[in-house]
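First the proteins, then the strands, lettered A, B, ... as listed; each starts at 1. All values derive from a computational prediction rather than experimental measurement.
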Protein chains: 2
Amino acid sequence: MQHETTPRDTKAAIHRAALELFSGQGYEKTSLREIAEQVGITKASLYYHYSSKQELLRAIIGTFIEDVRSVMAGSDELEWSPESQRELLGGYADVIIKHRTTGPTLTRDIGAVIAALDEDLGDLIATSRRFQLWLAGPNPTLADRLRAAAAIECLGAALSITPDDDVPESEIRNTLLEAALAVLASRTPPTN
Amino acid sequence: MQHETTPRDTKAAIHRAALELFSGQGYEKTSLREIAEQVGITKASLYYHYSSKQELLRAIIGTFIEDVRSVMAGSDELEWSPESQRELLGGYADVIIKHRTTGPTLTRDIGAVIAALDEDLGDLIATSRRFQLWLAGPNPTLADRLRAAAAIECLGAALSITPDDDVPESEIRNTLLEAALAVLASRTPPTN
DNA sequence: GTCTATAGTCGGATAGAC
DNA sequence: GTCTATCCGACTATAGAC
């Protein structure tokens, strides 16, 4: 009862507003003035909660990055097998679907995201490479690695679902997971 | 022998420099000052050749967009069949591979590209929707449409090939085309 | 915690001399 | 065709009053 607005609400409101604006019009095109306006405070107050625009972006993508890293890191511990391959790919699908709302921000302003990741970027790229390689199976050819990349792209299609097509999440998950597995299994072209 | 530099060279040099910088650091983050600096002229001179930053972007993505539109428009004329499906998907793969260098710019700053397309955007989206729907086959379910989206994403993996992996383009094409077709054929999950 | 005010920077774009 | 010089606007960020 010390303030008329609960202290933590403002920070959360900023987070929400920023996510909305970043998704809608991109990171670069969104100014702190706009965010502050939407929340109903001024730019200066915003700086009390987040010390820079980048830190705000980091706060938004942070949990997503953590989840992705955690799933990918599974490839360092699990032995490759068709079953574990399916399991990890499924986990990856889950993470993408879970963070669907963050998707547009990530997709539209990769450059800004990369800049925000800064020192964590190296780790993430390395982890991602290992994941992709693991996914390609034992003794992979170049084509196998290409297929692994394509399979990952497949799951990214979950980000392209517009809100008005309200497909249940479980169907998105199953359909795309099967699609990704089909990609991995698509060796030796039948005709060409 | 009228000038020390051939007249048309400057315009081409600007185009090259812009493509390089846009790909490397994104459209928004690249300033006209940087581009001019790299070419060895001033900002003002740049405006002699391109009347705005957007027009420069349009020049870069223009031929790609035209090629994509042209391939997708094929779905308006061809009757659906497994063969025509394969043919159109192959054509799409060809276009993406051909314009691989433009890829990063397109991927990284979708927002700017959309803004640059402006009045052509409506057409392109409509064409793209029809293409995706056509690809999903006759009387498609929601899952079929999802698979069509995923198949298209698959081919996008061609954009993620780093220059140092020098896989021959024909192998990229065949591998990804087979992968995309596998996605479309991945109906009725075996277990779930 | 929130405000006003402002510093300081950089962006895109134009005018006009050469 | 290229330059110098300059405009205007918007942005991030900080200082300091309340």
Side-chain angles (χ1 to χ4, degrees), chain A residues 1-22 24-60 105 108-109 111-116 118, chain B residues 1-22 24-61 105 108-109 111-118:
Chain A
M1 244 149 281
Q2 29 208 16
H3 302 80
E4 37 178 335
T5 61
T6 321
R8 295 212 51 199
D9 265 356
T10 304
K11 189 158 190 172
I14 293 171
H15 190 282
R16 238 191 329 272
L19 173 56
E20 198 171 315
L21 288 167
F22 289 170
Q25 49 183 284
Y27 175 77
E28 320 271 8
K29 289 224 166 118
T30 302
S31 68
L32 293 182
R33 185 185 47 75
E34 273 178 298
I35 297 172
E37 222 161 64
Q38 176 143 333
V39 176
I41 59 174
T42 64
K43 274 191 294 176
S45 305
L46 206 155
Y47 272 88
Y48 175 82
H49 300 280
Y50 293 96
S51 64
S52 77
K53 195 183 178 186
Q54 259 203 11
E55 202 196 295
L56 188 46
L57 179 59
R58 262 195 294 271
I60 288 178
T105 301
R108 289 176 66 146
D109 258 290
V113 169
I114 287 174
D118 196 34
Chain B
M1 240 146 281
Q2 29 209 16
H3 302 81
E4 38 178 335
T5 60
T6 320
R8 295 213 50 199
D9 265 358
T10 305
K11 189 158 188 172
I14 293 171
H15 191 281
R16 239 193 325 276
L19 174 55
E20 198 173 315
L21 288 167
F22 289 169
Q25 49 183 282
Y27 174 78
E28 318 271 8
K29 287 228 167 110
T30 302
S31 67
L32 295 181
R33 183 186 47 76
E34 273 177 298
I35 298 171
E37 222 162 64
Q38 175 144 333
V39 176
I41 59 175
T42 62
K43 268 194 297 175
S45 304
L46 205 154
Y47 273 89
Y48 177 80
H49 299 281
Y50 294 95
S51 64
S52 78
K53 195 183 179 185
Q54 260 203 11
E55 202 196 295
L56 187 45
L57 179 59
R58 263 195 295 268
I60 287 178
I61 62 173
T105 301
R108 287 177 69 147
D109 258 290
V113 168
I114 287 174
L117 288 177
D118 196 33

Check whether any side-chain nitrogen or oxygen of Ser45(A) sits under 4.0 Å from OP1 or OP2 of dG1(C), and answer yes or no. no
It should be established whether Thr10(A) places a side-chain nitrogen or oxygen under 4.0 Å from OP1 or OP2 of nucleotide dT2(C). yes
Euclidean distance, atom [atom1] of residue [X] to atom [atom2] of [N] [Å, nearest integer]:
| X | N | atom1 | atom2 | value |
| --- | --- | --- | --- | --- |
| Glu28(A) | dC10(C) | CD | P | 16 Å |
| Leu57(A) | dT12(D) | CG | P | 13 Å |
| Leu46(B) | dC3(D) | CG | P | 10 Å |
| Ile41(B) | dC3(D) | CD1 | C1' | 11 Å |
| Gln54(B) | dG12(C) | CD | C1' | 12 Å |
| Glu37(B) | dT2(D) | CD | P | 17 Å |

Just by modelled atom types, is the Ser31(B) backbone N or O under 3.5 Å from a matching donor or acceptor in the Glu34(B) side chain? yes
Any side-chain heavy atom of [X] within less than 4.5 Å of one from [Y]?
| X | Y | value |
| --- | --- | --- |
| Arg108(A) | Phe22(A) | no |
| Lys53(B) | Leu57(B) | no |
| Val39(A) | Leu46(A) | no |
| Glu55(A) | Tyr47(A) | no |

Give the minimum heavy-atom separation between Ala115(A) and Lys29(B), together with the two atoms involved. CB-NZ, 3.9 Å
Nearest-nucleotide pick for Thr42(A), side chain only, options being dA13(D), dA13(C), dT4(C): dT4(C)
Which residue lies more 5' along DNA chain D, comparing Tyr47(A) with Lys43(B) via nearest heavy atoms: Lys43(B)
Strictly below 4.0 Å, heavy-atom distances to any atom of DNA chain C: list the hits from residues 29-36 of chain B, or just say none. Thr30(B), Ser31(B), Leu32(B), Arg33(B)
Can you list everything that forms a salt bridge (Lys or Arg N to Asp or Glu O under 4.0 Å) with Arg16(B)? Sequence neighbours excluded, please. none
Suppose we call a contact any N or O donor and acceptor under 3.5 Å apart; does that hold for the side chain of Lys53(B) and the base of dG11(C)? no
I want to confirm an ordering. Mapping Tyr48(A) and Ala44(A) to their closest nucleotides on DNA chain C, which one lands closer to the 5' end? Tyr48(A)
